[in-house]
Amino acid sequence: MAVERTFVMIKPDGVQRGLIGEIIQRIERRGIKLVAMKFMNATDAILEAHYAEHIGKPFFAGLVEYIKSGPVVAMVWEGDNVIETIRTTMGKTKAHEAAPGTIRGDLALHISRNLVHGSDGAEAAAREIAIWFSEAEQISFTRNTDGWIHE
Ligand code: UDP
Ligand code: MG
């Protein structure tokens with residue numbers, strides 16, 4: 001397995017519902033390493049880049065309005081196979097189909113209020129991280145516990 005980085009965002013519903021700690025805890029407790037984080041308002045420019053693949057789709061305007069409706073927590077997480085692991089931890093996009101035990105399966109009900117974003121592949125992860133963070137904002141460090149999390 002390769003060490004990867006992925007972009008995660010706690011969307012405005014997660015912030016408003018007081019679920020920042022709960023969502024971060026679920027990722028953090030798996031052993032995944034936080035390497036960048038900021039609390040911020042998303043802009044049109046950021047969201048048009050971030051959700052470029054969805055421009056023109058019927059839900060796009062509502063999606064941008066939703067993500068701009070309040071502050072978000074933007075993060076970069078690092079670990080072996082972390083892109084897929086975080087998508088699995090989040091659960092399916094359609095929250096009503098998300099398995100119990102996942103963030104969306106335990107805490108969300110609807111696709112349009114599904115609490116979190118996680119990059120869906122290596123290319124998306126690299127692209128999204130560069131939209132939200134500079135190189136200098138990403139921290140490389142070693143944890144004393146790393147040897148207890150992977151070989
Ligand atoms: N979305 C929506 N309605 C739809 C499809 C998507 O509101 O019919 C929103 C939802 O917030 C979703 C985001 O657009 O998380 C991006 O959609 P995508 O299919 O990329 O899902 P994700 O990668 O977030 O799981
Ligand atoms: Mg997506």
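A quick note: this is a predicted structure, and the numbers were derived from the prediction, not measured.
What you find for Thr102 and Ala98 is that their closest heavy atoms are OG1-CB, 3.7 Å. Between Glu4 and Val82 the shortest heavy-atom distance is OE1-N, 3.1 Å. Across every non-hydrogen atom of Gly101 and Asp106, the tightest pair is N-OD1, 2.8 Å. Contact detail for Glu137 and Ala36: the closest heavy-atom pair is O-CB, 3.4 Å. Of all heavy-atom pairs spanning Asn114 and Ala95, the tightest one is CB-CB, 4.5 Å. Heavy atoms only, all atoms of each residue included: Ile83 and Gly121 are closest at CG2-N, 3.6 Å.
Put simply, CD1 on Ile129 and OG on Ser134 are 12.0 Å apart, with the number rounded to the nearest 0.5 Å. The OH atom of Tyr51 lies 9.5 Å from the CZ atom of Phe60; values are rounded to the nearest 0.5 Å. Atom CE of Met75 sits about 11.0 Å away from atom CH2 of Trp132, to the nearest 0.5 Å. Residue Ile55 holds its CD1 atom at 5.5 Å from CD of Glu48, rounded to the nearest 0.5 Å. We find the OG1-CD1 distance between Thr88 and Ile103 to be 11.0 Å, quoted to the nearest 0.5 Å. Annotation: the span from Ile10 atom CD1 to Leu19 atom CG amounts to 8.5 Å, rounded to 0.5 Å.
Side-chain atoms of Arg104 never come within 3.5 Å of backbone atoms of His96 as a donor-acceptor pair (strictly under, hydrogens ignored). Not one N or O on the side chain of Thr145 forms a donor-acceptor pair closer than 3.5 Å with the backbone of Trp148.
Met9 is not listed as a side-chain neighbour of Val73, based on a closest heavy-atom distance of 4.5 Å or more.
Side chains of Thr85 and Arg30: no donor on one and acceptor on the other come within 3.5 Å. No hydrogens or angles considered: a donor-acceptor pair under 3.5 Å links the side chains of Ser140 and Arg5.
Grouping the Ile, Leu, Val, Met, Phe, Trp and Tyr side chains by contacts below 4.5 angstrom, directly or via other members, places Leu63 apart from Val8. A continuous path of ILVMFWY side-chain contacts below 4.5 Å connects Tyr66 to Leu47, so both sit in one hydrophobic cluster. Connection of Ile27 to Ile149 is not established within any shared hydrophobic cluster, with ILVMFWY side chains joined at heavy-atom distances below 4.5 Å, either directly or through further cluster members. Cluster membership for Ile24 and Leu115, using ILVMFWY side-chain heavy atoms within less than 4.5 angstrom, is shared. Neither Ile20 nor Phe7 shares a network with the other; the hydrophobic side chains, linked directly or stepwise wherever heavy atoms of I, L, V, M, F, W or Y lie under 4.5 Å apart, form separate groups for each.
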Notebook entry, point to check: Run the salt bridge (charged side-chain N to carboxylate O under 4.0 Å, His left out) check on Arg87 and Asp120 step by step: do they pass?
Noted result: CA-CA 7 Å; Arg87 290 285 290 194; Asp120 66 7; 5.1 Å; no
Checklist line | side-chain contact (heavy atoms from CB on, under 4.5 Å) between Glu28 and Ile32, intermediate numbers included | finding: CA-CA 5 Å; Glu28 193 179 29; Ile32 300 168; over 6 Å; no
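With a 6.0 Å radius and a threshold of 12 heavy atoms from other residues, nucleotides or ligands, Glu84 has its CD atom at or below the threshold.
Using bins of under 30°, 30° to 60° and over 60° for the plane-to-plane angle, the ring pair His117/His50 lands in the perpendicular bin.
A cation-pi contact links Lys33 to Phe141, judged by a cut-off of 6.0 Å to the six-membered ring centre and 45° from its axis. Because its NZ or CZ atom is both nearer than 6.0 Å to the ring centre of Phe133 and within 45° of the ring axis, Lys38 counts as a cation-pi partner of that residue.
Remark: Glu22 engages Arg26 in a salt bridge, criterion side-chain N to carboxylate O under 4.0 Å.
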